[in-house]
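See structure below.
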2 protein chains.
Amino acid sequence: MEELSVAIGVSRPTLSRFFQDPTLVKANTVERIERGLTQVEYVPNFFATRLNRKSTGMIGVIIPYLNDLFFTKLLQSVEEAAMRAGLTVITQCSHSDPAIEARAAETFMSMNVDGALVAPLGDHSDQAVQLRLKSRLPFVLMDSRPTTMPNVDFVGTNHIQSTGLMTEYLCRVGEPPAFLAMPRVNFNALEREAAYIAQMEKLGFEPEVLGTESVSDSAHFEEHGEAILDAEFAHGRLTDRSILCVNDRVAIGAIRAAARHGLTPGRGAKGGLRIAGHDDYPLCPYLNPALTTVAQNTDAIGKKAVSRLLQMIRGEVSGDTPEITLFDGELKLRESA
Amino acid sequence: MEELSVAIGVSRPTLSRFFQDPTLVKANTVERIERGLTQVEYVPNFFATRLNRKSTGMIGVIIPYLNDLFFTKLLQSVEEAAMRAGLTVITQCSHSDPAIEARAAETFMSMNVDGALVAPLGDHSDQAVQLRLKSRLPFVLMDSRPTTMPNVDFVGTNHIQSTGLMTEYLCRVGEPPAFLAMPRVNFNALEREAAYIAQMEKLGFEPEVLGTESVSDSAHFEEHGEAILDAEFAHGRLTDRSILCVNDRVAIGAIRAAARHGLTPGRGAKGGLRIAGHDDYPLCPYLNPALTTVAQNTDAIGKKAVSRLLQMIRGEVSGDTPEITLFDGELKLRESA
DNA sequence: CCACAATATTTACGCGTGTAAAAGGGAGGA
DNA sequence: TCCTCCCTTTTACACGCGTAAATATTGTGG
């Protein structure tokens, strides 16, 4: 930058100001600088520019999984909103490992990011690290909220509403549903299960939760759903029931199990097999049968999380009262229920 | 760091060395420092540490899409390999926009990353930017290789082999396949199409490519596959043929179209409908019917790309002879073909 | 106990830029 | 014409740390 400035015939600080905002420099000088820039290819050093700046213009985002289209959708929404606000997004995936998540948080702190957006590992995030992150910089939780961190800004889905909605629908058009859960609990899964139970009781039905014990090596959602229902169907159970799965990936496994037993879940006469999911995974419309589910408004969640973070960064918030934003789920009626 | 060092009673450079590698400091001193660190919470500044270092210990990765499990699988493999090598990964998604991709490349250059791993936008990457990136730092292309950039290190799949394998299989067990392509060409798609045609001719069959014209608003792979086959099936065409789809996401749409027309693709007597894909998308085993496909060895691709980049970073390569590594595809026989 | 080597620490400087304060320059009014 | 005011540019210093060279310390053998 030094050399470039002498070559152009201005002082280095003037060049510096030009790169930050050309309007800070006289039009005449701007023109000279731009002419000089066409001669040499110059890229300002990223680290040097952020070293002595009050704001780095970056936000950190942590997501728990990469191989899950729900989180990639959320991430896309976040990146778009951040880009619109002129922020650089640094994404880190914790790969379902609390240690990696913690390291990502450390990285963000050492980078002086302006704020952090975190979708935590459901059940076993290192909360000490997150609290330290929160105490140091604007911090918004997305998707899943540990019950032990009530005083944190959060953006997610209203699972009471979304699961209640689906439960009510299933009760209305068919047999009262059973709930297919996951053993590796996360807070969302627990909320959905609780919401299911509450809604069932409110409607006067007996709740029935299955899949809470781990079968075989069901590290993956789909495998788990398939394994549980395969066992049930093999004993002739649940073949004429409604089954509400804790999420779409479990439902995908459930549908697969049904197919293997010659069952075709679907909207039909009362007393038929129905399978429903939760989240509106992008591939749901292409399944056989197309999966009936509740859509999470990932787009709204991402946008809101970024805008809330921006408020905090700009100091436009009172500070002591965290904001909890829950978006409603939307019923997606397709073929499977 | 200054304050901390006086508080502990060592000079700042000693502290600096401690953070880089504690073995560079005497055991006695290490202990004193660690004792001091428990008192204060101190995180070294990310930017300052990289500003005057020869190596930043970071590599940049660009992927074209986030909402595609193929790329997230690849990214996961890359991240794992990089982590094992002690590298920090900076991921940027180009969101199928050449301008964003170009900006990501600029960011990497300004960050002085040690190297860059790029999965380009198939057909319309800004090659000038990529060439500039390549001329500035170790650079390895992944997944898709522009025909106009022959002299670049590349790691990907041998589509001649993989597509040839599947084509041969389909010819052997059923009707010679038609090829369901995509209008928004990328280089891999073109290679696969060419490989299909070559293999068909070698086996003495007439190649037949469809789906090269865009129907409706088929921005998405699945939609496209469904739309094309929906139209064909509606006219009673292709209902007893084998159909090789350019990738699994198109195949997912194809299977959906078959279901809508009451057709069940599968391995059966000669003369039945068969649908096959390419890539081994993670959800393939859970489709109805489970999708027969060719697996790309994403794990090997990611690992190899990182190790090759490391070689280049360490200067262990001759430099003038780029290495092209192609991994074979593996047939995944399931139900649909 | 001393000389010498080997290791540990410190001194001194630099990395590439941002920013506040000081200096410069040009337009408008008296 | 001169002076003031405002905008632009420059001067001077800072950001937080890495690193080579210089110095201090420790360990070893005689």
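Quick caveat, the model's predicted, so the values are computed rather than measured.
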The side chain of A:Leu51 lies closest to which of these nucleotides: D:dC17, D:dG16, C:dG18? D:dG16
Just wondering, do B:Val129 and B:Glu101 contact through their side chains at under 4.5 Å, heavy atoms? no
For D:dT10 and A:Thr14 - does any side-chain N or O of the residue sit under 4.0 Å from the phosphate oxygens OP1/OP2? yes
When all nucleic acid strands are considered with a 4.0 Å heavy-atom cut-off, which category describes B:Arg12: base, sugar-phosphate, or nothing? base
On DNA chain D, nearest-nucleotide positions of B:Pro13 versus A:Pro13: which is more 5'? A:Pro13
Distance in angstrom units between B:Glu2 CD and D:dA14 C1', rounded: 14 Å
When rounded to whole Å, the CG to P distance for the pair B:Leu24 and D:dT19 reads 10 Å
Is any side-chain N or O of B:Asn52 under 3.5 Å from a base N or O of D:dG18, one able to act as donor and the other as acceptor? yes
Regarding the side chain of A:Ser11, the nearest nucleotide among D:dT10, D:dT9, C:dT17 is D:dT10
Could you tell me how far apart B:Asn112 (CG) and C:dT17 (C1') are, to the nearest whole angstrom? 13 Å
Between CZ of A:Phe18 and C1' of C:dT19 the distance, given in whole Å, is 19 Å
Distance check needed: D:dA14 P versus B:Asn45 CG, whole Å only. 18 Å
Compare side-chain N and O positions of A:Gln20 against OP1 and OP2 of C:dT17 and report whether any pair is under 4.0 Å apart. no
Any chance the rings of A:Phe139 and A:Phe108 have centres within less than 6.0 Å? no
Nearest heavy-atom approach of A:Ile59 to A:Ile313 is CG2-CD1, 4.2 Å
Strictly below 4.0 Å: does A:Lys54 bring a side-chain N or O up to OP1 or OP2 of C:dG18? no
Quick one about A:Ser110 and A:Glu106 (side-chain donor to acceptor, distance below 3.5 Å, no hydrogens or angles considered), yes or no? no
Atom pair distance, as rounded to whole Å: CG in A:Asp21 and P in D:dC7: 15 Å
I want to check one thing: is the phosphate of C:dT7, taken as OP1 and OP2, less than 4.0 Å away from some side-chain N or O of B:Lys26? no
What is the separation between atom CG on A:Asn28 and atom C1' on C:dG24, rounded to the nearest whole Å? 16 Å
On DNA chain C, nearest-nucleotide positions of B:Ala27 versus A:Pro44: which is more 5'? B:Ala27
Validation row: B:Glu79, B:Thr91 side chains within 4.5 angstrom (heavy atoms): yes
Just how far, in rounded Å, is P of C:dT19 from CZ of A:Arg50? 12 Å
Any B:Tyr42 side-chain N or O less than 4.0 Å from OP1/OP2 of D:dG16: no
Measuring from the side chain of B:Arg17 (C-beta onward, heavy atoms only), which nucleotide among D:dC17, C:dG16, C:dT9 has the closest atom? C:dT9
